[in-house]
Amino acid sequence: MKLTVSPAASESTAKRPGVPLSADRKLSLVLMVLFPICTFAVTNSFYKSVLVLSMINAIAAVGLCLMLGFAGEISIGQAAFYGLGAYVTAYLANQFHIEPALAIAAGAAVAMTIGWGISRPLSRLHEHYLAMATLAFGIIMYIFFANARAFTGGLDPGASVERFMFLGFDLSSMERYFWVVWVALGLSVLVAGNIASTQVGRSLLAVKMSASAAASVGVDVVRMKAFVFAIGALLTGLSGGLYAYFARSFNAGTFGIGYSIELLMMVVLGSLTRVSGAIVGAFIITILPVVFEQFEDYKTLVFGITMVLIMKFMPSGLVEGVLSLGERLLRGKRN
Amino acid sequence: MFQQVVISGITVGAIYALIAIGFTIVFSTVRVVNFAHGEFVMVGGLLYAWLTIVQQIPLALAIPLAIAACVVVAWLSYELCLAGMNKDNHIAQVMVTLGLGVTIKGLAQVFIGKDTQFPPSFSSGSPLMLGSMSISQQSIWIVGSLAVLLGLLWAVMQKTRIGKGMRAVAINHYAAVLMGISPKRAAIIAFVFAGLIGGAAGALLSPVASAHYDNGMFLGIKGFAAAILGGLGHPIGALVGGLILGLVESLTAGYLSSAYKDAVSLVLLLAILLFRPQGLLGRALPNKL
């Protein structure tokens with residue numbers, strides 16, 4: 001199937017000025033405006049860095065949202081791509097002293113290539129088996145990160161990078177790095193929104209509902225799965241590269257199963273069918289430990305219970321569920 | 001050296017086989033891969049350690065208590081989480097069992113603590129010497145328990161009404177319902193068995209490998225690897241898969257690299273999933289696309 005869509009059949013809002021933005025895009029736009037407002041509103045530099053981290057996580061969550069929410073391809077190994085992005089970025093920047101932005105792009109490209117590579121064999125697997133296989137992939141990569149110390153620095157001493165420079169300008173201070181991440185998130189949301197609102201997104205939804213039915217109406221199922229895996233890995237790798245320059249010094253412990261589950265939490269907490277939901281989810285999950293000081297001790301327990309409750313009672317995501325509940329209540333009042 | 005590696009491989013393999021049986025029973029009756037199963041094993045080991053070390057309860061009481069607690073955890077897991085869920089929404093099922101696993105891990109962390117514990121062996125005594133090989137007493141306990149539990153499971157599955165009902169549900173869900181068998185009851189019994197055998201595996205393993213709240217996911221994925229290696233839904237497959245996996249791991253650790261032994265068994269899992277998803281003993285399934 002063609003990935004490009006003829007303008008006549010397209011619902012792409014960018015090309016047709018007369019069509020209003022979809023609700024999802026409006027919400028994403030509002031969120032993208034809210035982030036800078038928040039960063040100007042808070043004066044504490046720690047809070048500013050939490051905002052930046054939540055945007056970095058949002059990029060990865062948007063990628064997982066496309067995979068899980070649109071295509072129904074569950075992945076419990078996203079931390080592997082996050083780690084690949086971070087380590088490739090750090091390795092290129094330290095060994096070859098290339099421009100940091102280029103190093104991040106290269107890290108994302110490597111993650112995308114590997115994501116595409118594993119998607120070909122993995123597309124044979126369905127739900128439970130796919131979940132187990134991606135989990136195994138994530139753990140294998142974690143073991144590699146922790147033990148291949150020549151490349152990654154392992155758990156101790158870990159890896160570190162220089163300041164983030166762009167065309168000779170030092171953008172490493174949190175105020176300036178905010179804008180770097182903001183632009184990256186904006187681009188990710190734009191790409192994801194375009195995918196979601198065009199034929200590609202509808203094909204992905206069709207694959208999720210029934211791979212056989214999708215194939216029977218001309219959707220190239222294997223290619224769509226490979227595509228969504230590659231995009232998911234690309235965005236997660238990009239977020240990993242940005243994290244490398246955010247943390248400046250990190251070790252393999254960051255890229256374990258725990259992060260993969262946190263990413264799943266972000267998507268589940270937001271929405272499985274809206275890109276904007278992933279941003280909200282990422283924001284909530286990132287700020288929770290900051291808002292509640294004692295949270296770290298209970299984090300695992302609270303995440304677990306929340307995940308069970310949401311998936312049992314609102315399988316399309318918490319924010320999504322609350323929104324549709326509100327819609328139903330409003331409609332009920334009008335009648 | 002080689003003989004010692006083989007003995008430790010069989011010991012670890014027997015544990016993997018016990019964990020794999022839990023996956024197999026639940027998968028064949030409920031059609032769910034239970035991502036929380038590894039946590040049942042962790043709870044068995046951690047509670048056994050906590051009861052013997054912190055509470056100073058005698059072994060003969062601590063072992064059944066730990067296993068009973070696992071049975072309750074497994075039963076509650078099904079009753080509170082999986083019962084009544086849409087059977088066709090596999091992603092939600094995966095996420096619910098995953099969240100359940102995280103919940104159990106969180107409970108263990110909050111109520112028992114983050115320390116690694118080293119509980120005592122089931123019986124103290126010098127290792128058994130067979131020629132130049134020395135076999136620890138715990139290894140004998142592990143292999144013996146595997147034999148007893150497999151025999152028990154076989155007897156229940158073949159000889160009792162409950163077991164026949166469970167097999168009927170596994171073969172054809174709707175036909176079983178028409179014959180008056182309650183799939184919900186079969187599912188509860190499957191989870192109870194999974195908790196029983198998983199808890200026993202955890203308690204048996206903890207004197208050899210220590211107990212820690214964060215071990216569950218790892219034990220679970222190893223057990224799943226063993227189950228899939230032999231063929232998911234096959235109790236004998238679980239045994240064969242567990243032993244192969246245990247031997248591969250201990251040979252890797254002995255001769256290649258102990259840091260990468262887990263990676264080797266997970267690569268084996270991926271290879272089996274991709275090239276022979278029905279397992280070594282299973283029959284080929286019709287492919288969907």
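Keep in mind that the numbers below use all heavy atoms, side chains included, and drop hydrogens, waters and symmetry copies. Chain letters run A, B, ... following the sequence lines, proteins first, then strands; residues in each count from 1.
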Quick one: what part of B:Leu80 sits under 4.5 Å from any heavy atom of chain A, side chain, backbone, both or neither?
backbone
When the 4.5 angstrom heavy-atom criterion is applied to A:Ala148 and chain B, the contacting part is both
Does any heavy atom of chain B fall under 4.5 Å from the side chain of A:Ile257, the backbone, both, or neither of them?
side chain
Taking side chain as everything from C-beta outward and backbone as N, CA, C, O, which of these in B:Val264 sits under 4.5 Å from a heavy atom of chain A? Side chain, backbone, both or neither.
neither
For the pair B:Glu249 and B:Lys222, find out whether any cationic side-chain nitrogen is under 4.0 Å from an anionic carboxylate oxygen.
yes
Need one label for A:Pro315: side chain, backbone, both or neither, based on atoms under 4.5 Å from any heavy atom in chain B.
side chain
Are side-chain heavy atoms of A:Met67 and A:Val267 found at a separation under 4.5 Å?
no
Using modelled atom types and a 3.5 Å cut-off, is there a donor and acceptor pairing between side-chain atoms of B:His37 and backbone atoms of B:Ile19?
yes
Residue A:Val268 versus chain B: region with a heavy atom under 4.5 Å:
side chain
Quick one, B:Leu205 and B:Leu219 - any side-chain contact, counting heavy atoms below 4.5 Å?
yes
Side-chain touch B:Asp115/B:His212, heavy atoms, less than 4.5 angstrom
no
Side chain to side chain, A:Leu204 and A:Ile195, heavy atoms closer than 4.5 Å:
yes
Relative to chain A, which segment of B:Met217 carries a heavy atom at a distance below 4.5 Å: side chain, backbone, both, or neither?
side chain
In A:Tyr259, A:Phe137, A:Trp116, A:Phe229, the residue satisfying ring-ring contact (aromatic ring centres under 6.0 Å, His included) with A:Phe81 is A:Phe137
A:Ile74, A:Leu130, A:Leu135: which one forms the most heavy-atom pairs within less than 4.5 Å of chain B?
A:Leu135
Under 4.5 Å heavy-atom distance to chain A, tell me which part of B:Leu269 shows up: side chain, backbone, both or neither.
side chain
Largest heavy-atom contact set with chain B, pairs under 4.5 Å, which of A:Val308, A:Val302, A:Leu122, A:Leu68:
A:Val308
Under 4.5 Å from any heavy atom of chain B, what part of A:Leu272 do you find: side chain, backbone, both or neither?
neither
Check A:Asn251, A:Leu84, A:Leu155 against A:Phe145 for a side-chain contact (heavy atoms from CB on, under 4.5 Å) and give me the one that passes.
A:Leu84
Counting heavy-atom pairs under 4.5 Å to chain A, which of B:Ala108, B:Ser265, B:Gly99 comes out on top?
B:Gly99
If I measure from the heavy atoms of chain A, does B:Val96 come under 4.5 Å with its side chain, its backbone, both, or neither?
both
Can you tell me which portion of A:Leu125 sits under 4.5 Å from chain B's heavy atoms? Options are side chain, backbone, both or neither.
side chain
Applying a strict 4.5 Å limit to non-hydrogen atoms, the region of B:Leu274 in contact with chain A is both
Shortest non-hydrogen separation from B:Ala49 to B:Ala211 and the atoms involved:
CB-CB, 4.1 Å
Check whether the ring centres of A:Phe255 and A:Tyr87 lie less than 6.0 Å apart, and answer yes or no.
yes
What part of B:Ala271 is in contact with chain A, defined as an atom under 4.5 angstrom from a non-hydrogen atom: side chain, backbone, both or neither?
neither
